[in-house]
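One structure is given below, encoded as structure tokens.
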Amino acid sequence: EVQLVESGGGLVQTGGSLTLSCAASGFTNDDYAIGWFRQAPGKEREAVSLITNEDGNTYYANSVKGRFTISTDSAKNTAYLQMNALKPEDTAVYYCAGDPIGSLLPIDLLVKKKFDYWGQGTQVTVSS
């Protein structure tokens, strides 16, 4: 069974940085997708960034382009979301999600897919 465990959330001031980690286990091969999603109070969950582990294709929401970087470390089976220049509007619960479909689905369709596996979420709060 696939398990995803997030860490790294917290409280940071506007303009600060945080790195979220997602430790993945249970995928049967290296071709899987990892996505970071977030949900703010009263808002729908949105895709922030995605990556397909085997070929490294990435997606970023317009709101985070140039500020956030997604990456994976295959040796550690861990995905990261480096978040820089944080804004109060980045405040949300951030979820790591995984899907074994990996690079079989183009990244623009992967964004719309309901991922199979989800972590428990980690709170990110950006103070103004």
Side-chain angles (χ1 to χ4, degrees):
E1 182 181 353
V2 173
Q3 290 189 324
L4 303 168
V5 180
E6 303 108 330
S7 60
L11 173 65
V12 65
Q13 291 185 333
T14 296
S17 298
L18 282 174
T19 300
L20 304 183
S21 300
C22 174
S25 61
F27 285 110
T28 57
N29 59 58
D30 289 336
D31 192 8
Y32 56 87
I34 292 290
W36 287 100
F37 297 78
R38 68 186 181 187
Q39 187 165 21
K43 295 187 177 180
E44 292 187 356
R45 187 172 63 198
E46 63 172 341
V48 175
S49 184
L50 309 176
I51 188 168
T52 48
N53 186 60
E54 186 166 88
D55 58 16
N57 282 340
T58 58
Y59 160 86
Y60 294 96
N62 287 334
S63 58
V64 306
K65 279 182 182 177
R67 300 188 298 122
F68 290 12
T69 303
I70 192 170
S71 62
T72 59
D73 183 334
S74 295
K76 297 181 179 180
N77 290 323
T78 300
Y80 303 95
L81 185 68
Q82 173 67 44
M83 305 184 294
N84 298 326
L86 282 162
K87 305 175 182 180
E89 51 263 44
D90 295 317
T91 296
V93 177
Y94 284 70
Y95 296 92
C96 172
D99 200 288
I101 198 167
S103 61
L104 295 178
L105 200 63
I107 201 79
D108 57 338
L109 296 182
L110 197 59
V111 173
K112 303 174 184 178
K113 187 185 187 300
K114 183 178 179 182
F115 276 48
D116 285 355
Y117 305 100
W118 292 81
Q120 80 282 3
T122 186
Q123 177 70 45
V124 171
T125 303
V126 185
S127 63
S128 57

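- Considering only residues two or more places apart in sequence or on other chains, Ala61 meets the side chain to side chain contact (heavy atoms under 4.5 Å, CB included) condition with Tyr59, Ser63, Val64.
- Here Glu89 pairs with nothing under the side chain to side chain donor-acceptor pair (under 3.5 Å) rule; sequence neighbours left out.
- Taking the side chain to side chain contact (heavy atoms under 4.5 Å, CB included) definition, one finds that Lys65 meets it with Tyr60, Asn62, sequence neighbours left out.
- Hydrophobic clustering keeps Val2 apart from Trp118 (ILVMFWY residues linked when any side-chain heavy atoms are closer than 4.5 Å, directly or through intermediates).
- For Thr58, the side chain to side chain donor-acceptor pair (under 3.5 Å) test picks out no residue, with sequence neighbours left out.
- Taking all atoms of both residues into account, the shortest heavy-atom contact from Tyr117 to Pro100 is CE1-CD, 3.9 Å.
- Nearest heavy atom pair, residue Val48 against residue Leu81, reads CG1-CD2, 4.3 Å.
- Thr91 contributes a side-chain N or O that, together with a main-chain N or O of Val126, makes up a donor-acceptor pair within less than 3.5 Å.
- Within the 4.5 Å cutoff, no side-chain heavy atoms of Asn57 are placed close to those of Ser103.
- Under a hydrophobic-cluster definition in which Ile, Leu, Val, Met, Phe, Trp and Tyr are linked whenever side-chain heavy atoms come within less than 4.5 Å, directly or via other members, Ile101 and Phe27 are assigned to different clusters.
- Linking Ile, Leu, Val, Met, Phe, Trp and Tyr whenever their side-chain heavy atoms come within less than 4.5 Å leaves Ile70 and Ile107 in two separate clusters.
- For the salt bridge (Lys or Arg N to Asp or Glu O under 4.0 Å) test, residues two or more places apart in sequence or in another chain that qualify with Lys113 are Asp99, Asp116.
- Pairs passing the salt bridge (charged side-chain N to carboxylate O under 4.0 Å, His left out) check and including a residue from residues 44-55, sequence neighbours excluded, read Arg38-Glu46.
- Here the closest heavy-atom approach between residue Thr72 and residue Ile51 is recorded as CG2-CG2, 3.7 Å.
- Nearest heavy atoms, Ile34 versus Ala79: CG2-CB, 3.6 Å.
- Under the disulfide bond (SG atoms under 2.5 Å apart) criterion, no residue pair touches residues 38-86, with sequence neighbours excluded.
- Checked against side chain to side chain contact (heavy atoms under 4.5 Å, CB included), Ala40 has the following partners two or more places apart in sequence or in another chain: Lys43, Ala92.
- Taking every heavy atom of both residues into account, Leu50 and Phe115 meet most closely at CD2-CZ, 3.9 Å.
- Scored by the ring-ring contact (aromatic ring centres under 6.0 Å, His included) test, Tyr95 finds no partners at all (sequence neighbours excluded).
- Between the side chain of Ser128 and the main chain of Pro88, no donor-acceptor pair closer than 3.5 Å is present.
- Shown here are the side chain to side chain contact (heavy atoms under 4.5 Å, CB included) partners of Asn77, two or more places apart in sequence or in another chain: Tyr32.
- Under the salt bridge (charged side-chain N to carboxylate O under 4.0 Å, His left out) criterion, the residue pairs touching residues 66-88 are Arg67-Asp90, with sequence neighbours excluded.
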Quiz: residues 4-26 side-chain donor-acceptor pairs under 3.5 angstrom, not counting sequence neighbours:
| from | atom 1 | to | atom 2 | distance (Å) |
| --- | --- | --- | --- | --- |
| Glu6 | OE1 | Gln120 | N | 2.9 |
| Glu6 | OE1 | Gln120 | NE2 | 3.4 |
| Glu6 | OE1 | Gly121 | N | 2.8 |
| Glu6 | OE2 | Cys96 | N | 2.7 |
| Glu6 | OE2 | Gly121 | N | 3.2 |
| Thr14 | OG1 | Ser127 | O | 2.7 |
| Ser17 | OG | Asn84 | OD1 | 2.9 |
| Thr19 | OG1 | Gln82 | OE1 | 2.4 |

